[in-house]
Number of protein chains: 2
Amino acid sequence: MNTHTELSPSAQRIADVAQALVQEVGYNGFSFEHISQAVGMRKASIHHHFGSKVDLGVTVVQRYTGQFEEALRQVQKQFSSAPERLLAYADLFETTFQNNHHLCVCGMLGAESNSLDASLKSEVKRFFQINVAWLNHVMDEGLASGSLRSPHHAKVLAETLLSLLEGAMLVGRSMSAPIGPRHACEVFLSGLIH
Amino acid sequence: MNTHTELSPSAQRIADVAQALVQEVGYNGFSFEHISQAVGMRKASIHHHFGSKVDLGVTVVQRYTGQFEEALRQVQKQFSSAPERLLAYADLFETTFQNNHHLCVCGMLGAESNSLDASLKSEVKRFFQINVAWLNHVMDEGLASGSLRSPHHAKVLAETLLSLLEGAMLVGRSMSAPIGPRHACEVFLSGLIH
DNA sequence: GTCTATACTTGGATAGAC
DNA sequence: GTCTATCCAAGTATAGAC
């Protein structure tokens with residue numbers, strides 16, 4: 001599957017539905033039949049656009065990662081301080097979570113990771129690496145400029161915040177009144193700003 | 001399923017294997033066939049001990065929650081300060097994660113939550129409630145005694161730390177050199193101790 | 001590009017012998 | 001309590017008509 005292949009309108013609808021299903025019930029929780037019902041096409045037609053479930057999964061993650069990268073660029077451009085950037089970053093997750101308690105695509109696939117095809121697993125890893133690298137950069141600037149204070153390395157702070165946001169969505173699913181990723185981020189940040 | 005039903009030796013082995021499978025590949029990622037191969041019994045024999053997959057799942061979570069509650073009591077008894085208790089708590093997750101990158105049973109099921117039977121979902125929720133309540137108590141004492149400092153309520157700190165630990169395991173699965181729940185907890189605590 | 005039909009496999013579950 | 005045998009449903013995938 002080429003990252004830059006343009007998806008036909010039908011393929012896009014299928015990928016949209018598949019993404020939502022991954023975020024709701026996980027990769028192992030949905031079948032072509034579910035997609036079929038949601039898009040109003042037969043299973044065989046889904047297979048015309050995506051040869052296998054793995055192909056579909058890979059496409060979903062690649063699209064998701066691409067959209068996330070664009071969002072990171074926007075955050076970088078629109079905000080100048082580390083605390084502002086980190087809160088805007090957390091809001092990306094907050095928006096996802098507010099949508100029917102959807103999980104991050106890669107949070108879900110990360111949990112299921114050990115049962116996934118290697119190609120999917122590798123795309124999930126890539127998503128996390130991109131996020132940690134971006135957060136690392138933001139944290140590093142924040143520590144250098146003094147807008148953030150911590151005895152820990154930027155890289156460690158990056159993975160900690162990412163873990164917190166993914167975890168807030170996961171745990172929030174089972175809570176009556178979850179704090180959510182945005183609030184969780186504020187709590188973490190209040191420990192980095194003195 | 002009664003919480004206090006004693007499990008026969010065979011039932012215990014089955015539950016042990018099922019728990020490990022949940023932590024590795026998730027509830028939707030394993031079948032009776034996998035268990036059958038691991039315990040060396042036929043599928044029909046598994047069904048003799050657990051009428052359905054849901055029954056088995058419920059038993060696994062109830063056992064896991066019971067063992068966790070006992071661990072919480074031990075931590076409470078062996079440590080007296082909030083920071084020490086929280087680190088010991090994080091080590092419960094660290095130990096799980098060190099074991100072949102196993103996830104917390106309820107972290108995994110929490111992710112899959114929307115595809116699970118209501119009875120299972122409810123057991124998962126109970127696990128999280130117990131953990132948040134315990135952490136809330138520890139945080140509250142810490143804030144009162146001054147061993148912890150934060151502008152946030154104990155309850156919020158509790159859910160934040162739980163989210164961080166669950167998330168550290170989830171994200172850690174996809175990282176080459178994950179920081180892990182213990183280290184993540186240290187990072188969070190360093191923001192609560194000034 | 002979408003359909004019907006179908007092949008093949010796996011998964012959860014039950015009946016009944018031992 | 002464990003087994004063999006079997007049922008039925010669901011899931012992935014393919015062939016071939018339209």
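Numbers restart at 1 for each chain; the letters A, B, ... are given by sequence-line order, proteins then strands.
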Is the phosphate of D:dG1, meaning OP1 or OP2, less than 4.0 Å from a side-chain N or O of B:His48? yes

In a table with atom names and distances, give each donor-acceptor pair under 3.5 Å that connects a side chain of residues 124-133 of chain B to protein atoms at least two apart or in another chain.
unit_1: B:Lys125; atom_1: NZ; unit_2: A:Ser176; atom_2: OG; d: 3.3
unit_1: B:Asn131; atom_1: OD1; unit_2: B:Tyr89; atom_2: OH; d: 2.6
unit_1: B:Asn131; atom_1: ND2; unit_2: B:Phe127; atom_2: O; d: 2.8

Report each atom pair, protein N/O against N/O of nucleotides 13-16 of chain C, whose distance is under 3.5 angstrom.
unit_1: C:dA13; atom_1: OP2; unit_2: B:Lys53; atom_2: N; d: 2.9
unit_1: C:dA13; atom_1: N7; unit_2: B:His47; atom_2: NE2; d: 3.3

For salt bridge (charged side-chain N to carboxylate O under 4.0 Å, His left out), just list the numbers for B:Arg182 and B:Glu186, CA-CA rounded to whole Å, side-chain angles, deciding distance to a tenth of an Å, and then say yes or no. CA-CA 6 Å; B:Arg182 160 86 192 195; B:Glu186 289 170 355; 2.8 Å; yes

Exercise. Would you call B:Phe93 and B:Leu162 a side-chain contact if the rule is heavy atoms closer than 4.5 Å?
Worked result: yes

- Is the number of heavy atoms from other residues, nucleotides or ligands within 6.0 Å of NE2 (B:His137) greater than 12? no

A:Arg42 CZ to C:dT6 P, in whole Å, measures 14 Å

Is the B:His47 ring parallel, tilted or perpendicular to the B:Phe32 ring (thresholds 30°, 60°)?
parallel

* Can you say whether the rings of A:Phe30 and A:Tyr27 are parallel (under 30°), tilted (30 to 60°) or perpendicular (over 60°)? -> perpendicular

Atom CD of A:Glu33 and atom P of C:dG11 are separated, to the nearest Å, by 19 Å

When rounded to whole Å, the CG to C1' distance for the pair A:Asp55 and D:dA13 reads 12 Å

Under 4.0 Å between any heavy atoms, over every strand shown, what does B:Ser45 touch: base, sugar-phosphate, or nothing? Just pick one. base

Would you please confirm or rule out a distance under 4.0 Å between OP1 or OP2 of C:dT2 and any side-chain N or O of A:His49? yes

